[in-house]
K.L.:
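Starting off with a structure, shown below.
Every heavy atom of this structure was used, including side-chain atoms; hydrogens, water molecules and symmetry mates were not.
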Protein chains: 2
Amino acid sequence: MSAKITLKDISRNLNISISTVSRALKGHPDISEETREKVMRLAALMDYEPNTYAISLRTNKSNIFGIIVPEISNFFYHSFISAVEEESKKIGFSLLILQSGNDPLVEAENIRLCRLNRVAGVLISVAASSKDMSRYQKLEENGVPIIFFDKVPDVDACNKVCLADEDAAVLAATALQKKGKQHILAIFGHPDISITQKRKLAFINAMEKNKQAKLIIAHAGSSRESFEITKTAFLASQQPDAVFCMSDEILTGTMKAMQLLKINIPNDTGIISISNDDFIPHLYEPEITYIETSGYQLGKLAFERISDYMSGKKFYRELILPSKLVEGNSL
Amino acid sequence: MSAKITLKDISRNLNISISTVSRALKGHPDISEETREKVMRLAALMDYEPNTYAISLRTNKSNIFGIIVPEISNFFYHSFISAVEEESKKIGFSLLILQSGNDPLVEAENIRLCRLNRVAGVLISVAASSKDMSRYQKLEENGVPIIFFDKVPDVDACNKVCLADEDAAVLAATALQKKGKQHILAIFGHPDISITQKRKLAFINAMEKNKQAKLIIAHAGSSRESFEITKTAFLASQQPDAVFCMSDEILTGTMKAMQLLKINIPNDTGIISISNDDFIPHLYEPEITYIETSGYQLGKLAFERISDYMSGKKFYRELILPSKLVEGNSL
DNA sequence: ATGAAAGCGCTAACAA
DNA sequence: TTGTTAGCGCTTTCAT
């Protein structure tokens, strides 16, 4: 265990004070060019690396962002984290990644970990949306910016970056109408989660314009359920002429049923989904037409917001990432 | 910004010394039951949270593991990270996650970040496998255990946890032979990467036993390429009666071609792959028969190894995670 | 059983 | 331009 080089070592070697070394290393204007050079050279030579703990202890901040998500193993959060990681790296920040498993207790513990690690900021997709903000409060009180993303509290006084959930559903509905679909199976997620409610409401509203279209609304809590729902619907006497899938998870179930029943897409039936980036839609042939709600883009946006916050722009606001239609050949 | 409670605050309140408080809080045997009680209660009441930076500065260690992977957005690494996160949480450790983007320079920078953050250990899948261990050396010199996983250096004196790559290929070959497949399209990854070479060699060797089987070997650097290869092979006069896909990425391309050509699985042709966990194989109908090489399991194994190392078991060794055949209905 | 004091490595106010 | 000094919050040795 080769002892770590410290400022003291350098100062001793050069016969100057520790503070001069410290200042020289960080380009303080007071230091003479000559000294600066000298210090820099020796520091490089000795392989000096600052002790981040001492710095953090002293300055009371760190170069780490905390990210709390329900689960890492999820396309959406995955893309989000990836984007934030890319940006953070550029400004010399690292990521502390925590999974809440959708459990408010674990989430509370994760928040505590963020505090303990004195993270410079927190990006969080909440486990259970509620109006109770107390568990997040302590962070902001300590001056730690907290940016909520995707699943956010139902409260105004906080920073949020969200997907245009309603918008995505409306875009899908519009696309279906343009194709003149008349008998649509629409599969949404678990009825209790807020994103389901938002998308369902917006979708149905947008569909109202087309009174004569027959709409079958279903809820699937898993890919498996969506498989079953789709199978049943297409085994019925009158087959739907289009399926709308609210998410990738649902889409995968539906597509499995399509394969099983050997349904020809888009001739027998059209498919449209709301998907995170292009991964799942591109898995199939023909490729799926989908409304993109990009975790990756949202990550970039969240990073922007937290950067702004840290550089002093401390107002609260909600940023919305627009959705867009990506044409495949499935509709 | 409500000021953080420190040991000093507690000691002042109780009119005892800081050291007594410190000791009481961590259950030092010297402290009287009475004092301990008193301190504990007040600490809880005041919402005391130790300053991890001060602790780390003092003790020169942290409660953070560093994980360096080529990319987070990859099933395999994803599962791996997930598993390590779960285990780490149990012992109060967090994860610093870094992406190398397969760039040795970025990797070096990531390693530096791990050192700077005084991580308690590093789990790394290397960007470019070589015999040059110097860039990893400094960590171990500082007493930081480093566990290589999946893509590991070609050197004995280090700790590795690996998948049974050869074994997986052999299992696949055996399964194909059992089904009496005679005309097999085997698609491997990019010829330069080591895992391709290992799997290819093992697969071909295992296939040798069945001289009369016709083997078409192909290499695909992407899902798209595997799609093209499969399409071409099945458009030829004599169709293969089975396809072996070396990875999930390749499998997705192959399956897209299957859908395009409306090939019936397993009647027209059988499919078998080497896959990470069950996600991709379960996307299709029928579900794909695959050899499982689990990133999740590997994560658990890596965590075990690093725990062992930290509790004093400091020998070098290579741990191999066995592969196993998971039967779907595609072969 | 408790306290005093030193010091981990660094920054920054103040002095010179 | 440089040095001195006083901490940041904690652990730990050495006294008591």
K.L.:
Could you work out which one of C:dA1, C:dC10, D:dG3 sits closest to the side chain of A:Tyr48?
P.N.:
C:dC10
K.L.:
Choosing from C:dT2, D:dT2, D:dC10, which nucleotide comes nearest the side chain of A:Asp30?
P.N.:
D:dT2
K.L.:
Any salt bridge between A:Glu109 and B:Lys89, counting N to O under 4.0 Å?
P.N.:
no
K.L.:
Select one nucleotide: of C:dT2, D:dG3, C:dA12, the one nearest the side-chain heavy atoms of A:Lys26.
P.N.:
C:dA12
K.L.:
Students often get this wrong, so: under 4.0 angstrom with heavy atoms, is B:Ile55 touching a base, only sugar-phosphate, or nothing?
P.N.:
sugar-phosphate
K.L.:
Heavy atoms from C-beta onward define the side chain here; which of C:dC8, C:dC10, C:dG3 lies closest to that of A:Lys8?
P.N.:
C:dC8
K.L.:
Of the nucleotides D:dT1, C:dG3, C:dG9, which one has an atom closest to the side chain of A:Ser32?
P.N.:
D:dT1
K.L.:
From C-beta outward on B:Leu57, which listed nucleotide comes closest to its side chain: C:dC10, D:dC10, C:dC8?
P.N.:
C:dC8
K.L.:
As a test of reading the structure: which of C:dG9, C:dC10, C:dC14 is closest to the side chain of A:Arg23, going by heavy atoms?
P.N.:
C:dC14
K.L.:
If you only use heavy atoms from C-beta on, which nucleotide in C:dA5, C:dC10, D:dC10 is closest to the side chain of B:Ser19?
P.N.:
C:dA5
K.L.:
Using a heavy-atom cut-off of 4.0 Å across all strands, would you classify B:Ser56 as base, sugar-phosphate, or nothing?
P.N.:
nothing
K.L.:
Among B:Asn159, B:Leu319, B:Leu298, which one satisfies side chain to side chain contact (heavy atoms under 4.5 Å, CB included) with B:Phe149?
P.N.:
B:Leu298
